[in-house]
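Below is one structure, written out as structure tokens; comments come after it.
Order of the sequence lines fixes the chain letters, A, B, ..., with proteins taken first and strands second; residue numbering starts at 1 for each chain. Note that this is a predicted model, so its numbers are computed, not measured.
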2 protein chains.
Amino acid sequence: MRTGAPRRRRTLRDVADAVGVSVNTVSRALRGESGVSAESRETIRRAAERLGYVPNVHARSLVLGGPRTIGLVITNVSNPFYAELISAIEQRAAEEGYHIVLFLSEESTAREQAAAENVIRSGLDGVIVVPVQGETNPWPAVERAGIPLVVVNRRLDDLDVDTVATDNHAGAYAATSHVIAQGARSIVMLEEDLPITTIDQRIQGFRDALVDASLPLDDRQVIMVPTRRNDRAALPWQAGDAYRVTVDLLARGHRPDGCVVGNDYFALGLYRALRERGLRCPEDTLVVGFGDYPFAEFLEPPLSTVRLPAGEVGRAAVDRLMHRVNGAEPRSREVTLVPPELVTRRSTGS
Amino acid sequence: MRTGAPRRRRTLRDVADAVGVSVNTVSRALRGESGVSAESRETIRRAAERLGYVPNVHARSLVLGGPRTIGLVITNVSNPFYAELISAIEQRAAEEGYHIVLFLSEESTAREQAAAENVIRSGLDGVIVVPVQGETNPWPAVERAGIPLVVVNRRLDDLDVDTVATDNHAGAYAATSHVIAQGARSIVMLEEDLPITTIDQRIQGFRDALVDASLPLDDRQVIMVPTRRNDRAALPWQAGDAYRVTVDLLARGHRPDGCVVGNDYFALGLYRALRERGLRCPEDTLVVGFGDYPFAEFLEPPLSTVRLPAGEVGRAAVDRLMHRVNGAEPRSREVTLVPPELVTRRSTGS
DNA sequence: GTGAAAGCGCTAACAA
DNA sequence: TTGTTAGCGCTTTCAC
């Protein structure tokens, strides 16, 4: 039980006064610099301890230059893609001597807005962001505040900004072409119902592959799985929602012989729905996922999927940001597109 | 192509001199405060822009008090448990007005050491850490530097420190008792070969459950899956390694009728090994996992598993840390144990 | 070995 | 509306 007013934080001055030496001496003593008698050093140390002296980082940073810090604004950590992305970014940034301040937007524009404000207020040296792409776009303001920005994994078309992303169109095109090559003719695509460029581009890749193969294209072939990202932080519902959508599809009499799904969680739900209807994969329906999540290879049947280059994307984003943080040309925005890789397994008959 | 020496960073002073007003006026103009004529404001803005003036955060922080920041040192983001933990911690910390600086140790003592040094150097307000528990333990030094510390998910027995963890013993005990209740008599446990308390305690829980059920206990019932965390950041090898270990086990003629595995990835490998041998789950062998990873419910058969309270643990850790950061009793360490929850599904015959 | 003084770049009181 | 004066808490000359 401590009493009294929440007293002012102790400073070097307080310690100095208590011991009866100068501020300078205390500073050097506490930092272990030479040029202080062993005796006074001890006295000072003890006084500091007793008073509960804690150095003021901001004052020190002002003189010495504080740690360099970049913000990382991610929508969701539970997505294995982002997990790998974070890991790569943290590692590369650490190599460059930068700290990472993590903000989670959870696909909410409000939280994204708050993150952007914090980035500006804290004056971070730069920021890497996976934008929510909702009604609002707080990132131009960050650019205007002079904070270098790199957008990752999604495109911000209304903002002329450095971007590093997966080539989702190519990924979806390759996946779709693959199931066509394996004999599928009636193909559906399942995508999460999020208004983001990532998904737009995948849908386009799907369509282009069908068209290029001279297969008929019907809008109903692209099925949107309602998103729930706004409700929950984690994503465990993804498999369940894909399951329900697929059950519904099958109940209406559809019998696709090929399925391209927007992420590997969806494939889990799809597998279950197919099993329950007595449909076999790959005999009756080929399935290809997106992400190559750690479980994909161990499903029954092992899941063909588009492996996303999360590590590469992350490292490229840091490199790009470092470039600008270190004062390189203020105006030369570029878009880096990293190609994904199709991994074929038994779910597509390989 | 820019020439000349890497010139000093611009300050308010520079802008003020350029325009011919006082530093103060520039400050207020740039911050959009009232009490500056629209005219000079524009002039000042333009001059600042032209000179490439960027405010010095450290100086501002010194005056205003910078953002409060806590460090979060995690071993691995690819583990869904940690993903949820990070999410919960970030959210709760944000509510309290704190930023999160993320350090990834990847189960490497070297990186953990570096993280600890950075925490001290940066003078963070506090730190939440999942310790590596290797040869070295850099955390006492952090405590000594006066930085409040909360250990999460593992116990640091040689350090008297606030700890928030899952009750792993209880989880393993419950899981094991459950498969016993479901009829298993010859039970094995698969655990990752990491020298951490988490795993020690689970093994103990497993043993205690067997003993309490008067079942024979043999050291070979606990099978260690070699870890590879030191090589790779992500964890996609976990399923594969568990697979190999299980194949080996079955090849040696063992036929356990119950398996308790240390994480749900292991269950994936186990499932495959059983399938290949023509063993059925749950008919021939009951399986229970740890983690309730997002895919667990959608495996075939759906996986019984111990759901870990990652969110609760994370929030409790932040609360505990806030307590100390806000200057509460310096010496009253406590260990909070959050109970996990057994989720029974068809893999144990439910 | 120690202290006095200056200054890091900014904001805030108070004058003018 | 603007400028002057004081710090914020620390490190760093440079005397003594």
Name the closest nucleotide to the [X] side chain, picking from [options].
{"X": "A:Arg28", "options": "D:dT11, C:dG3, C:dC10", "answer": "C:dG3"}
{"X": "B:Ala59", "options": "D:dG3, D:dC10, C:dG9", "answer": "C:dG9"}
{"X": "B:Leu62", "options": "D:dG9, C:dC10, D:dT12", "answer": "D:dG9"}
{"X": "A:Pro55", "options": "D:dC10, D:dT4, D:dT12", "answer": "D:dC10"}
{"X": "A:Ser22", "options": "D:dG3, C:dG3, D:dG9", "answer": "C:dG3"}
{"X": "A:Glu33", "options": "C:dA12, C:dG9, D:dT12", "answer": "D:dT12"}
{"X": "A:Tyr53", "options": "D:dG3, C:dT11, D:dC10", "answer": "D:dC10"}
{"X": "B:Val23", "options": "C:dG3, C:dA13, C:dT11", "answer": "C:dT11"}
{"X": "B:Val63", "options": "C:dT2, D:dG7, D:dG3", "answer": "D:dG7"}

query = Is any side-chain N or O of B:Thr25 closer than 4.0 Å to OP1 or OP2 of D:dG3?
reply =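 Yes, within the criterion.
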query = Between A:Ser27 and D:dC10, is there a side-chain N or O to OP1/OP2 distance below 4.0 Å?
reply =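 For D:dC10, neither OP1 nor OP2 has a side-chain N or O of A:Ser27 closer than 4.0 Å.
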Rounded distance in Å - [atom1] ([X]) to [atom2] ([N]):
{"X": "B:Arg13", "N": "C:dG9", "atom1": "CZ", "atom2": "C1'", "answer": "11 Å"}
{"X": "B:Leu64", "N": "C:dC10", "atom1": "CG", "atom2": "C1'", "answer": "9 Å"}
{"X": "A:Arg60", "N": "D:dT11", "atom1": "CZ", "atom2": "C1'", "answer": "10 Å"}
{"X": "B:Arg10", "N": "C:dC8", "atom1": "CZ", "atom2": "P", "answer": "15 Å"}
{"X": "B:Asp14", "N": "C:dC8", "atom1": "CG", "atom2": "C1'", "answer": "13 Å"}
{"X": "B:Leu12", "N": "C:dC8", "atom1": "CG", "atom2": "C1'", "answer": "13 Å"}
{"X": "B:Arg9", "N": "C:dC10", "atom1": "CZ", "atom2": "C1'", "answer": "12 Å"}

ask   = Do you know which two heavy atoms are closest between A:Pro131 and A:Arg154, and how far apart they sit?
value =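 Scanning both residues completely, I find the closest heavy atoms to be O-NH1, 2.8 Å.
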key: Residues, nucleotides or ligands: over 12 heavy atoms within 6.0 Å of A:Glu49 CD   =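 No - once you tally the heavy atoms of other residues, nucleotides and ligands closer than 6.0 Å, there are 12 at most.
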message = Taking atom CD as the centre, does A:Glu95 end up with more than 12 heavy-atom neighbours from other residues, nucleotides or ligands that are less than 6.0 angstrom away?
response =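 Result for CD/A:Glu95: enclosed.
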query = Counting any heavy atom closer than 4.0 Å, what does B:Arg31 reach on the DNA or RNA strands: base, sugar-phosphate only, or nothing?
reply =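 Sugar-phosphate: the residue B:Arg31, judged by heavy atoms under 4.0 Å, touches backbone atoms but no base.
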ask   = If you look at every strand shown and take non-hydrogen atoms under 4.0 Å, does A:Asn56 touch a base, only sugar-phosphate, or nothing?
value =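 Sugar-phosphate, backbone atoms only, no base.
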ask   = With side chains defined as the heavy atoms from C-beta onward, is the minimum distance between B:Val161 and B:Val150 less than 4.5 Å?
value =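 Answer no - side chains too far apart.
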B:Leu85 and B:Val313, any side-chain heavy atoms less than 4.5 Å apart =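 Yes, side chains in contact.
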query = Do A:Arg31 and A:Ser27 meet the criterion of a side-chain donor-acceptor pair at a distance under 3.5 Å?
reply =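 A:Ser27 and A:Arg31 do have a side-chain donor-acceptor pair below 3.5 Å.
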inquiry  = On the side chain of A:Asn24, is there an atom forming a donor-acceptor pair with the base of D:dT12 - under 3.5 Å, no angle test?
reply    =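 In this structure, the two groups form a donor-acceptor pair.
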request  = Can you sort out which residues in residues 36-46 of chain A have a heavy atom within less than 4.0 Å of DNA chain C? Ascending by number, please.
outcome  =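 Correct list: A:Val36, A:Ser37, A:Ser40.
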task = Can you measure from OH (A:Tyr98) to OG1 (A:Thr69) and round to the nearest 0.5 angstrom?
result =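 Rounded to the nearest 0.5 Å, the OH-OG1 separation comes to 9.0 Å.
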query = If you measure from the Lys or Arg side-chain nitrogens to the Asp or Glu carboxylate oxygens, is any gap between A:Arg315 and A:Asp319 under 4.0 Å?
reply =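 Not counted as a salt bridge, because no side-chain N and carboxylate O are separated by less than 4.0 Å.
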